[in-house]
Protein chains: 2
Amino acid sequence: MSAGQGRKAADARVLRTRSEVARTALAVLTEEGSDALTHARVAEIAGFSKTTLYAHWPSRLDLAAAALDILGELPSRERTGDLRTDLVDQLTSFRQGVTDHRLDRVLAAMAQWATIEAMNEVRERINTEGQRPLRAILEGAFHGARLEAIVSMLSGVVACPALMFGTVPDDDVIAAAVDIVLKTVR
Amino acid sequence: MSAGQGRKAADARVLRTRSEVARTALAVLTEEGSDALTHARVAEIAGFSKTTLYAHWPSRLDLAAAALDILGELPSRERTGDLRTDLVDQLTSFRQGVTDHRLDRVLAAMAQWATIEAMNEVRERINTEGQRPLRAILEGAFHGARLEAIVSMLSGVVACPALMFGTVPDDDVIAAAVDIVLKTVR
């Protein structure tokens with residue numbers, strides 16, 4: 001094996017390790033809570049040594065940031081151009097994220113960590129990214145205070161029951177929310 | 001001092017201790033995060049022995065539940081009977097709770113603890129209680145899926161920016177949200 005091939009193999013291994021650690025950290029975070037997100041726990045589950053983890057992710061916040069980066073890779077729906085369809089699709093997809101990836105717990109963990117200065121930037125980035133598709137759909141029809149209100153209101157339809165009661169809204173609740181909002185344009 | 005007076009004094013002392021511990025636990029929870037909410041930390045700040053704390057609040061969850069009980073004592077606004085005024089007042093008062101008592105962090109901590117079975121009941125109770133005034137205002141005008149949607153949407157106007165970005169909505173955003181909702185009745 002040439003030096004170049006050796007480096008490629010090592011690079012691939014590093015990438016696999018990074019991705020494996022990030023996925024494990026996200027799983028620990030959402031299934032066991034943020035208290036459980038430690039180097040020891042991730043090392044145990046992912047099957048790496050704690051030394052390896054500390055070398056790449058010196059702090060628990062680094063582990064958390066790695067976990068959260070995965071969320072940026074979640075697929076988003078294609079837009080149809082019809083405002084009502086796109087909004088319902090977007091909220092349904094957010095609801096799916098809560099069910100499949102426990103986005104509500106991720107949101108709660110990030111809010112908790114907001115007492116730690118270094119996490120503010122990560123939280124800001126992830127949440128801005130997370131709200132971007134919804135905001136993009138709405139920006140053509142609304143602006144100013146009304147736009148800000150609607151972004152929070154529609155996020156709230158899914159986020160509030162999840163965060164407050166561990167439940168998700170039914171289809172008819174999502175549809176009712178979208179129709180309330182659309183009444184102001186039609 | 002008679003036995004009766006002695007008992008009364010002891011009862012008063014227990015009540016004072018309970019209230020002091022609950023207030024300290026809430027302060028630790030909102031200012032230092034849920035990881036910091038330990039018997040040692042509360043004992044240190046409130047000036048009680050850890051033994052006393054463990055005797056009355058055997059687990060960290062008991063401390064958390066005591067802290068959360070204080071939230072039920074927060075004052076709520078008197079209703080005027082005008083739907084718009086009452087909704088704006090209610091959301092403004094929720095926003096005040098976020099600013100003064102960091103209700104967003106309390107919400108996040110409870111969502112985090114939802115991975116722990118015993119906390120579900122506490123969370124359910126606190127959040128149901130917290131949403132009751134808003135729900136009471138809306139119930140005269142809305143029902144079914146639309147009522148559920150609006151309760152979440154209006155909670156979301158304050159909760160979402162607080163939980164996601166550590167900010168609270170301006171007056172004009174709160175007013176815009178209420179007006180969007182009222183358009184469906186007028």
Side-chain angles (χ1 to χ4, degrees), chain A residues 29-36 60 102 104-105 107-116 120 123-124 126-128 130-131 142 144-166 169-184, chain B residues 29-36 60 102 104-105 107-116 120 123-124 126-128 130-131 142 144-166 169-184:
Chain A
L29 180 63
T30 53
E31 286 158 27
E32 304 176 26
S34 64
D35 283 15
R60 286 179 63 205
R102 302 310 314 247
D104 54 327
R105 290 191 188 157
L107 206 65
M110 287 196 293
Q112 276 287 291
W113 291 325
T115 47
I116 302 158
N120 274 329
R123 171 171 83 152
E124 178 95 14
I126 303 282
N127 284 332
T128 302
Q131 264 190 355
F142 306 97
R146 193 186 275 181
L147 173 64
E148 294 316 309
I150 295 175
V151 168
S152 293
M153 290 166 93
L154 292 183
S155 303
V157 169
V158 177
C160 286
L163 281 163
M164 297 176 81
F165 304 103
D170 290 337
D171 286 347
D172 59 345
V173 173
I174 287 181
V178 170
D179 287 335
I180 287 165
V181 162
L182 292 185
K183 215 154 195 172
T184 63
Chain B
L29 181 63
T30 54
E31 286 159 27
E32 304 177 25
S34 64
D35 282 17
R60 285 180 63 205
R102 299 313 312 246
D104 55 327
R105 291 192 186 155
L107 206 66
M110 288 195 292
Q112 276 287 289
W113 290 325
T115 48
I116 301 158
N120 275 330
R123 174 171 81 151
E124 179 95 15
I126 303 281
N127 283 332
T128 302
Q131 263 190 354
F142 305 97
R146 193 185 275 182
L147 173 64
E148 294 316 308
I150 294 174
V151 168
S152 293
M153 289 166 92
L154 291 184
S155 303
V157 169
V158 178
C160 286
L163 282 162
M164 298 177 80
F165 303 103
D170 289 338
D171 286 348
D172 59 346
V173 173
I174 287 182
V178 169
D179 287 335
I180 287 166
V181 162
L182 291 185
K183 217 159 193 168
T184 64

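Residue numbers start from 1 in every chain, and the chains themselves are labelled A, B, ... in the order their sequence lines are given, proteins ahead of strands. No hydrogens, no waters, no symmetry mates; every other heavy atom, side chains included, goes into these values.
- Smallest separation of non-hydrogen atoms from B:Phe165 and A:Glu124: CE2-O, 3.9 Å.
- Each of B:Ala36, B:Ala176, B:Ala145, B:Gly130 has some count of heavy-atom pairs under 4.5 Å with chain A, and the biggest count is that of B:Ala145.
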Under 3.5 Å, which donor-acceptor pairs link side chains of residues 156-164 of chain B to any protein atom two or more places apart or in another chain?
none

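- Between chain B and the options A:Ala175, A:Gly144, A:Ala108, A:Gly166, heavy-atom pairs under 4.5 Å are most frequent for A:Ala108.
- Among the candidates B:Leu154, B:Asp170, B:Thr128, the residue making the largest number of heavy-atom pairs closer than 4.5 Å to chain A is B:Thr128.
- For B:Asp104, no part lies near chain A; criterion is any non-hydrogen pair under 4.5 Å.
- Most heavy-atom pairs under 4.5 Å with chain B, from the set A:Arg102, A:Glu148, A:Arg123: that is A:Arg123.
- Taking 4.5 Å as the limit, some side-chain heavy atom of B:Met153 sits within range of a side-chain heavy atom of A:Val181.
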